[in-house]
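In what follows, a structure is listed as structure tokens, so that the remarks can point back to it.
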Amino acid sequence: AKRSDGTTWDASLSISEVTLEEKRFFVGTLRDVTASVERERLFSSVIDEAIDAIFTINERGLITLVNRSACRMFGYTEKELIGKNISILMPAEHANRHDQYIQAHMETGIQKMIGTDRTVTAKRRDHSEFKCRLGLSKINCTEKGATFVGLLHDLTHELAAREADARAELANKMRKQKALFLASMSHEIRTPLNGIFGMLELLRSTDLDEVQTEWLATCSRSA
């Protein structure tokens, strides 16, 4: 709606029909919903700018909302995801049973995954799989049924960093073990050689001919 000064505002319009003295009149009621609309815009911006992927699905497992991060993470457009079953983002072994999980929850009320945080395997559009952390909640029940909200955090870089740290730690341990082994072997080899070196010194003090002296010198240099 527009004010007399030219500024605009968000309004909710409701129109009703009234009959008075056999004449029909239409009555319009305007309600200022600026604050409500601004909150909705802010909420929408927060969802779209979130780093992690955000999905909402209904009781049938159909996607009703996705944010930009979800589209980037899985390689789909928003249009391609809305209305599709969330199972398209799962490996086959989980996708085939997902609808059963929802149905079991709706029938029993048992919350196995709702309100929890766990690591799961997800599937991109190109069918490549990756690990992510899933947080699942049930936010409201309306006349249209329950709505489930999923937050997904891609663990690819975190797991790669952990693997690199583990490899570095293993390599460091192996270097230490190698140094200990070489030191031990050096000690084991040097111990019997010390006796040989002693005997060579004793031989040096005896009468030796020229050839024997040369052999003794060669042994001492080799030691």
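From a predicted model like this one, the values you see are computed outputs, not experimental measurements.
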K131 versus T121, side-chain donor and acceptor atoms under 3.5 Å
yes
Can you tell me how far the CG atom of D117 sits from the NE2 atom of H153, to the nearest 0.5 Å?
10.0 Å
Can we say E49 and R68 salt-bridge, meaning some charged N sits less than 4.0 Å from an Asp/Glu carboxylate O?
yes
Interatomic distance, NZ@K123 vs CE@M90, rounded to 0.5 Å, equals 10.5 Å
Examine I57 and I82 and state if one hydrophobic cluster contains both, with Ile, Leu, Val, Met, Phe, Trp and Tyr joined whenever side-chain heavy atoms are less than 4.5 Å apart.
yes
Using the rule side-chain contact (heavy atoms from CB on, under 4.5 Å), only one of D126, L89, D154 pairs with F74; which is it?
L89
Please report the shortest heavy-atom distance between A53 and A70, naming the atom on each side.
CB-CA, 3.5 Å
Between E59 and A146 (side chain of the first, backbone of the second, donor and acceptor by atom type, cut-off under 3.5 Å), is there such a pair?
yes
T119 versus L134: any side-chain heavy-atom pair under 4.5 Å?
no
Identify which one of D52, I54, L151 satisfies the side-chain contact (heavy atoms from CB on, under 4.5 Å) criterion when paired with N67.
I54
For the residue pair R133 and E158, what are the closest heavy atoms and their distance?
NH1-OE1, 4.2 Å
Gap separating the CG atom of L152 from the CZ atom of F55, nearest 0.5 angstrom
6.0 Å
Residues E80, R125: salt bridge by 4.0 Å N-O rule
yes
Measure the CG-CD1 distance between L65 and I47 for me, rounded to the nearest 0.5 Å.
5.5 Å
Got a second to check how far I51's CD1 is from S69's OG, nearest 0.5 Å?
7.5 Å
Would you please say whether a donor-acceptor pair under 3.5 Å links the side chains of T64 and T56?
yes
